Amino acid sequence: MRIKIFVVSILLLFSLISCDSNIEKVSISIIPKPKFLKQGSGKFLINERTQLSFGSETKLNSDLFKDYLNSITGFNLGLSDESDRNTIVFMLDDRPGEEYEIRSSPDRVEVKGGSNQAILYAFQSLRQVLLLGDGKTIPSVHIIDQSKFEWRGLLLDCSRHFMERDFVKRYIDLLALYKMNVLHWHLTEDQGWRIEIDKYPKLTEIGAWRDDGEGGRYGGFYSKEDIREIVAYATERGVTVVPEIELPGHSQAALAAYPQLSCTGGPFVVETEWGVFKEIYCAGNDSTFIFLEDVLSEVIELFPSEYIHIGGDEVPKFRWEHCHKCQRRMEIEGLTDEHELQSYFITRIGNFLESKNRRMIGWDEILEGGLPQGAIVQSWRGFDGAIEAVKSGNEAILSPTSHAYFDYGLNDIDLEKVYSFNPIPESISQEAEQLILGGECNMWSEQAPQSKIDSKVFPRLLAMAEVLWNNPADRDFEMFKGRVRGNYKVLDELGVNYGFETVPVKVFTKNEDGRLMVNLEAYDSSIQVFYTSKGERALYERPVHQSMESVWKITFKSGKSTFSDTIFQRFKPHFANGIEPTIASDYNENYAAGGDTGLTNGLKGSNQFRDGNWQGYWGDDVEVMIDLGEDRLVSELSSGFLQYNNAWIFFPTEVSYLKSDDGVTFEKLGTVLNQHSIKEKEQQTQEFVLKLEEPLNTRYIKLKAQNIGICPAWHDAAGSKAWLFIDEFSVK
Ligand code: ACM
Ligand code: ZN
């Protein structure tokens, strides 16, 4: 008897679980996942007689909701003061501020919230439900929901690449759909000033345009009218637009317009390269502060946001060190170094914002030289900035490069990586946790003009939206992925050209009996992979032997979206393929090229330093030893290096090759000196090849590549440690 009850209960439990997971997958893939969702039976069907009912407090949403519903359902729904059958009712009640509740039945849909913001969130859940289905059906459901973090943002960099006003509005709408509530609008940069300021017209006459390299100019800016329209659009949808006006660095476009605000007086051009530049506002010049206060006054007039972002990141101190006005300022103010001068600069701006009842946010560099009281730190170089900020009682927002940089490729940050993001740093107290406002994903646009933004932001934004909305303890990536797959229908309806969830095709090699075998692995069976080698295109089906150095063009198309992509991959077969080398110094974990065997896997790097094939060493030389296992006849040794001095990566000064018969005593075979200018700005690669006059028999081979050590005096990061990037050590 007991056993029978047990079996029956297990069966019942099983049917409940499977029924629940069915509901999850098939019907209601709302993202972010609501805190509580229970599906009932039946459904509410919207028809031409369906009415919308708003209480006096929720009336301000009526036009917005009506417009959305009209476009989804095709019906021009009427308004009603009654809450009869066939009505969708929106009302406020006395629940906690941003909590909402939806109860839908075949008769009616009832939406309640603690505030209008909560009603907006509830509506976005309904909007997703409709878009997930046939556009007219709301399944019977009970939802109670509220967010975990108050700050859920996206940074849109409209400075490196200009984005049209309507594109920005479209992003506000997409943010609102996923209950994100902050658009962090990056409006000023070295490469372009994008906001109209009446008092300083040259900011947009000159600062908004850069040389496009083809005899024309590239750029654009937002007029005050544009900005008012965008802010109003966001406000209506419960999204706060936080403007970022970069200072004291990333300001070359402003200095091109007003060079008298610099340490040297200029002249300058609006920058055309990407990177960090040494031309910054002069901190010793009072007119700098007058200018910035004027600019910020006009910014404050346009943006109702309580928060104003002042940048503060990546400020090379070179100009300040060599400027008598800056040095004089340090003397008068009793500042011991340029970091304290930076803190003085930021504090002065912070005090001005405070006098206007606004709060200052800055990137984590504003901690250097002393953090101004009350400033909010946006931690991007990992979590440490946030930890330090909350320890001193300041609030923090997290957007670490490890999880939140959507300009990075999927080999660095894929959907699962974003989904593993927890904005609460480990090791902080429960009290300090209260100071973590939330997180942001950053869409920097150096490599992404407007046309590429969708594929970079989506679907990763869905993961960010969910982890910022939900308690991290609720996470289950597989379930989430199911909801994402369901939610593609919503993105399709809205014309979002989303990218892939992870690296769509992984390229790897294996050494089989001395033969280099190339494997292509698609992460999903819906992806078909083709490769073109030596002019012939083929469907990839099984590992391919690669006997000669060659480049493959690998193309793939997802079965899920219209998005497709291409990879070019160079392969290099040689004796040492697959042998694990001994590496004397530590490479950086962000540039590991797959680990030690990354240097012998036959995969050459492209001219993109983040392509996953480059191994990066910061400030150190590279010393790599290969044991061939037995004597081999060796005639050529080579290694590949990348240079991109904007990212502080330089070719080695020289590469030496050595041999040994016992692995202990090495004899130098030759040294290859760098023949290429380290001043050239573009990303480029070089092979450092040593051809032996006489082939020789040896078992142990070593490479020593000399890092230039520190960035040279002419470089914007003069004195900082330099990077050395190597892709392969090949032995022939
Ligand atoms: C940043 O990525 N420089 C904030
Ligand atoms: Zn100066």
Side-chain angles (χ1 to χ4, degrees), residues 153-157 159-160 184-191 242 244-252 255 258-266 268 274-289 291-292 309-333 335 337-338 341-342 344-346 348 361-368 376-386 396-408 412-413 439-448 590 610 646-648 716-717 720:
L154 166 74
L155 175 147
L156 210 50
D157 171 6
S159 296
R160 267 56 172 263
H184 173 169
W185 201 8
H186 191 75
L187 284 167
T188 72
E189 257 306 333
D190 299 307
Q191 296 87 0
V242 177
E244 179 178 355
I245 305 297
E246 275 269 20
L247 55 91
H250 287 289
S251 48
Q252 198 174 306
L255 297 180
Y258 296 99
Q260 64 271 32
L261 305 175
S262 71
C263 290
T264 64
F268 311 106
W274 312 129
V276 174
F277 302 94
K278 62 172 172 274
E279 306 306 343
I280 64 176
Y281 292 116
C282 177
N285 194 341
D286 277 330
S287 58
T288 296
F289 293 96
F291 165 82
L292 288 171
H309 205 301
I310 55 80
D313 59 322
E314 299 180 317
V315 185
K317 307 297 185 300
F318 182 83
R319 288 295 185 215
W320 289 357
E321 285 161 5
H322 297 88
C323 169
H324 68 273
K325 282 182 283 186
C326 286
Q327 293 302 314
R328 174 121 181 85
R329 172 85 73 198
M330 285 167 61
E331 226 175 274
I332 292 169
E333 299 292 336
L335 308 171
D337 62 16
E338 285 71 21
L341 182 58
Q342 173 171 304
Y344 164 86
F345 198 116
I346 303 284
R348 202 163 151 175
I361 310 177
W363 298 107
D364 56 52
E365 287 92 331
I366 67 170
L367 286 153
E368 294 162 5
I376 296 152
V377 171
Q378 182 162 8
S379 194
W380 70 281
R381 297 175 300 176
F383 292 75
D384 290 351
I397 296 162
L398 276 292
S399 57
T401 50
S402 54
H403 296 77
Y405 269 49
F406 286 7
D407 54 326
Y408 288 15
D412 287 318
I413 299 177
E440 264 184 29
C441 33
N442 293 349
M443 186 59 244
W444 300 108
S445 67
E446 288 95 329
Q447 312 297 335
N590 292 324
R610 283 210 195 94
N646 274 356
W648 312 4
D716 283 313
S720 299

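Ligands are counted one by one from 1 in listed order, and the atoms in each one are counted from 1 as well. What you are looking at is a predicted structure, and each value in this text was computed from that prediction instead of being measured.
With respect to R381 and E368, a salt bridge is recorded, a charged nitrogen being found less than 4.0 Å from a carboxylate O.
In this structure, R610 is positioned above the aromatic face of Y408, its NZ or CZ under 6.0 Å from the six-membered ring centre and within 45° of the axis.
Ring geometry for W320 against F345 counts as parallel: the plane angle stays under 30°, on a 0 to 90° scale with 60° as the upper cut.
Judged as a side-chain hydrogen bond (donor to acceptor under 3.5 Å, both in side chains), and not counting sequence neighbours, D412 has no contacts. Looking at residues two or more places apart in sequence or on another chain, you find a side-chain contact (heavy atoms from CB on, under 4.5 Å) between D716 and F277, K278. With sequence neighbours excluded, the residues forming a side-chain hydrogen bond (donor to acceptor under 3.5 Å, both in side chains) with Q191 are R160, listed by chain and number.
Using a 4.0 Å heavy-atom criterion, the residues that approach ligand 1 are D313, E314, W363, W380, Y405, W444.
For C326 atom SG and C282 atom SG, the angle they make at the Zn ion (ligand 2) is roughly 100°, to 10 degrees.
Backbone or side-chain N, O or S atoms of C263 reach the Zn ion (ligand 2) at under 2.8 Å.
Residues I310 and I245 have side chains not in contact (no heavy-atom distance under 4.5 Å, counting atoms from C-beta outward).
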